[in-house]
There are 4 protein chains.
Amino acid sequence: MKKKDVPSLVKDQRLIKKRRGQIIKAAVLLFNEKGYHKATTREVAKASGFSIGTLYEYIGSKEDILYLVCDAVYDEVMGKWEKLRDGNLEGLDRLYQVIEAYFRVIHSLQDEVLVLYQESKSLSDDALAYVLEKEMSMKAMFEKELKEARNSGIISLHDEEISLACHNILVAGHMWTFRRWAVQRDHDIDSYCKWQIAQLFRGFGLNKNINGTFQLLENKPETEETI
Amino acid sequence: MKKKDVPSLVKDQRLIKKRRGQIIKAAVLLFNEKGYHKATTREVAKASGFSIGTLYEYIGSKEDILYLVCDAVYDEVMGKWEKLRDGNLEGLDRLYQVIEAYFRVIHSLQDEVLVLYQESKSLSDDALAYVLEKEMSMKAMFEKELKEARNSGIISLHDEEISLACHNILVAGHMWTFRRWAVQRDHDIDSYCKWQIAQLFRGFGLNKNINGTFQLLENKPETEETI
Amino acid sequence: MKKKDVPSLVKDQRLIKKRRGQIIKAAVLLFNEKGYHKATTREVAKASGFSIGTLYEYIGSKEDILYLVCDAVYDEVMGKWEKLRDGNLEGLDRLYQVIEAYFRVIHSLQDEVLVLYQESKSLSDDALAYVLEKEMSMKAMFEKELKEARNSGIISLHDEEISLACHNILVAGHMWTFRRWAVQRDHDIDSYCKWQIAQLFRGFGLNKNINGTFQLLENKPETEETI
Amino acid sequence: MKKKDVPSLVKDQRLIKKRRGQIIKAAVLLFNEKGYHKATTREVAKASGFSIGTLYEYIGSKEDILYLVCDAVYDEVMGKWEKLRDGNLEGLDRLYQVIEAYFRVIHSLQDEVLVLYQESKSLSDDALAYVLEKEMSMKAMFEKELKEARNSGIISLHDEEISLACHNILVAGHMWTFRRWAVQRDHDIDSYCKWQIAQLFRGFGLNKNINGTFQLLENKPETEETI
DNA sequence: GATGAATGAGGTTTCATTCAT
DNA sequence: AATGAATGAAACCTCATTCAT
């Protein structure tokens, strides 16, 4: 599915990019604070730093703002995630690191992801389809990783389990934002990564040591750090 | 925290209960279809079977409708869950059954739970606090179960892990509704219960046999059914 | 073609009729004064005697107002015209009287007809088609009269000429409104009727005497009254 | 009344003329298609081949565009009409030819005349007055012709009748455009000229022969061609 | 207790016009 | 002379809420 076309009356592509960046930034803050429906276009314009007329030079409708936000957030998540992933790792280390990187990216983009998560349902059918497709492509990336791990003999899961596990990973990421009122009261992001990943891979004989790198458990007796 | 007071101009408590039941039922359908913000009070009144004037005899504001829905959904979930739980079970069987019962209740109240999940953020601060408190009380119930299981030596998890695991269980329930566009494409509720519970307890030497009841794994070699 | 359905949120049909009557009356005045496009819905509401919200209880969109006006004006013209026509007349007298009655009805509904004439082009395609159809049905009425007159041997015109003559009659009626800035400076409605009808039937040996009834010209030498 | 002054920021008169020509041409097309009010200045600028900024270098306001169009259309009609009129003709031939030429000019400038006719009411009072004055000057030309014909004994009409007849001639021209949805379905311009002129002069013993030139009827018995 | 017509604040969007480049 | 991004007043329309019946 192709990116939905958001109409603009302005020709200069560089300017469009800049102004839309302002819009997205302002919208994330506003949508977080009051939600998409209660935030007005006038407020978005003002928070973006220009007039309502100028706002509509760069979008076609209010929904376009939400679409721009959702699209941008996915791109940002994907971009940051790619940068954070260590392509040199293999096997278990790689698996852990991929997931942890994902959690940490979400942590760094909390507001953005929360909007994506809570408001995307207000998109029109086709825009929503596009966004869900992006979500599924993220899921596919995790599936690829898990299947490679299975091929390497590190984990043993059915396809169905892998699929579900990937949903769980993705949602565990989202949870960090949409349940922050509870989860972030008890955990910081380090702790959250540690325990969630532990939960995901319990039973596969894996462990993460204290200084944050992951290691195989070598049949040590259970200690505080062991899961 | 006490239940928020929803004002009514009508005296007859029995009538209030009846009419609010109609309102909640209609609102769940409508909020599912178009969301809380896009559904109008007129539509709610019509779907409830009476006039807009009558609607306002039983509520004070539109938000009250959402509050009534959220409150009722929790009560319904709790009620059904209690009925479904087998108080006689002990140990592992009990643990499994509590969780599975929870998933099945959510399955049977999909629309309701979805509304609760997607729209409760639109509640006012105090109403939201009340709803979140209910959510925490559900979490507490799971925590109690898990701690008992730990005391019985069935599982070994830190308090922190138990807390997180309970979040995961609750969210796994919600997921069944808010990710149904993907999850319910690949799973029916039986399969979902099986694999999600498996995922939660992998590594504790538990298993679920083919006919749907859970059992301890007795050192059998791993088979297809083994997790 | 059926009457276009104008949506109303109000149920009481009598009230709808009453309120729409108010709307039409107010709209005719306003549209005359500033034209359809420059008149605002708020102004229409105010001139109708109620709030903007109430206005929209009785219409679905601004265009509906214009449609209501056009539809009502045609009905009013037709209704008044029928009442004014003398069904007992035959032959020439009938022909003259039908046309004169038409002119006089338009005179009594000047503002209404002017709006119909100047603004109907702003209707949507299907509403416009409906209105033009009404116009054609009026033309058909004149054609019927002229053909009967031809059958009686009073006038001798080809079908093509009759068709065009009917257009001319209709437009001569409209002219009285849309060229009033010039025509009504030089004529009152009596004089206008007299000369326009004379113009239409010159050459058929007809005349209208001074006191307003029509008569056959009996080969008299031309006098001031003769055409 | 003097031509209204349309302000321009540009000095070069030749350029002004050229650019305004572009504007008028574009505006006629647009105003025909969507009407003056629904056409935007941006659209006019684009259709004219330059930017909105440049448009405003040559006009002071949107209304000026309409004024330029109306003014230009009159000039064009007058210019073409003069060229088409045969100054050598006398008497009846002259009378017929003047009217037919007028109809044919309007036919060749249909879109332009239609805009003039349908939108001029949106002009400001003074601009409208100027335009109506032009209309009256056209009427005066017809009056001059008819009076000369009366002096020559070709027709016998009172001053009042002549005035009205001239209105009718002018409106018969406009009709060809504003009732084209009906009239042009049944007639081509040749047929329209023939029958409308016939209608105007019925009873004066005039005729138009088959090959399109007009002639006096020489007491022949009425035939199909006779009116 | 039920009704539904009335209200008007406030939402989204448009577009004529300006002015710095 | 030409450009086009920026502006904001003002348009249309919605809908939660009230209150007379």
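Just so it is clear: chains get the letters A, B, ... in the order the sequence lines come, proteins before strands, and each one is counted from 1. Since we're looking at a predicted model, the values are computed, not measured.
- Distance from the side chain of C:Phe50 is smallest for E:dT7 among the nucleotides E:dG8, E:dT7, F:dT17.
- Toward the 5' end of DNA chain F, the nearer of the two residues A:Gly49 and C:Gly53, judged by each one's closest nucleotide, is A:Gly49.
- Residue C:Ala45 is out of contact with every strand shown, counting any heavy-atom pair closer than 4.0 Å.
- C:Asn32 places a side-chain N or O within 3.5 Å of a backbone atom of C:Asp111 that can act as its donor or acceptor partner.
- The distance from atom CD of D:Glu63 to atom P of E:dT17 is 10 Å, rounded to the nearest whole Å.
- To the nearest angstrom, P of E:dT12 lies 13 Å from CG of A:Leu66.
- Between B:Asp71 and the choices B:Lys3, B:Arg20, B:Lys4, the salt bridge (Lys or Arg N to Asp or Glu O under 4.0 Å) rule is met once, by B:Lys3.
- There is a side-chain donor-acceptor pair under 3.5 Å between B:Ser124 and B:Glu63.
- Look at NZ on D:Lys62: it is 20 Å from P on F:dA9, rounded to the nearest Å.
- To the nearest 0.5 Å, atom CD of residue C:Glu119 and atom CZ of residue C:Phe31 are 7.5 Å apart.
- At a threshold of 4.0 angstrom between heavy atoms, the contacts of C:Thr54 include nucleobase atoms, whether or not backbone atoms are also involved.
- Within a 6.0 Å sphere centred on NZ of A:Lys18, heavy atoms belonging to other residues, nucleotides or ligands number 12 at most.
- In this structure, A:Ile59 atom CD1 and E:dT12 atom P are separated by 10 Å, rounded to whole Å.
- Rounded to whole Å, the distance from NE2 on A:His37 to C1' on E:dG10 is 16 Å.
- For the pair B:Lys11 and C:Leu15, nearest-nucleotide mapping onto DNA chain E gives the more 5' position to B:Lys11.
- When Watson-Crick and G-U wobble pairs are counted only if both distances are under 3.5 Å, F:dC15 pairs with E:dG8.
- Here E:dA16 is the nucleotide among E:dA16, E:dA5, E:dT7 with the atom lying nearest to any side-chain atom of D:Tyr56.
- The base-pairing partner of F:dT21, taking Watson-Crick or G-U wobble contacts with both distances under 3.5 Å, is E:dA2.
- Distance, A:Leu55 CG to E:dG11 P: 15 Å, rounded to whole Å.
- For a distance-only test at 3.5 Å, the side chain of C:Arg42 qualifies as a donor-acceptor partner of the base of E:dG10.
- Look at C:Ser51 and you won't find any side-chain N or O under 4.0 angstrom from OP1 or OP2 of E:dA6.
- At E:dG1, none of the side-chain N or O atoms of B:Tyr58 fall inside 4.0 Å of OP1 or OP2 (strictly under the cut-off).
- Distance from the side chain of A:Glu57 is smallest for F:dA5 among the nucleotides E:dA6, E:dA2, F:dA5.
- The side chain of C:Thr41 lies closest to F:dC13 when the candidates are F:dC13, E:dA2, F:dA5.
- Summarising the geometry, the separation between CD1 on A:Ile16 and C1' on F:dA6 is reported as 14 Å, rounded to the nearest angstrom.
- Of the candidate nucleotides F:dA2, F:dG8, F:dC13, F:dG8 has the atom lying nearest to any side-chain atom of A:Ile52.
- Atom NZ in D:Lys46 sits roughly 15 Å away from atom P in E:dA16 (whole-Å rounding).
- Residue C:Arg19 has a polar side-chain atom (N or O) positioned under 4.0 Å from OP1 or OP2 of E:dA6.
- A:Glu43 places no side-chain N or O within donor-acceptor distance of the main-chain N or O of A:Leu30, the cut-off being under 3.5 Å.
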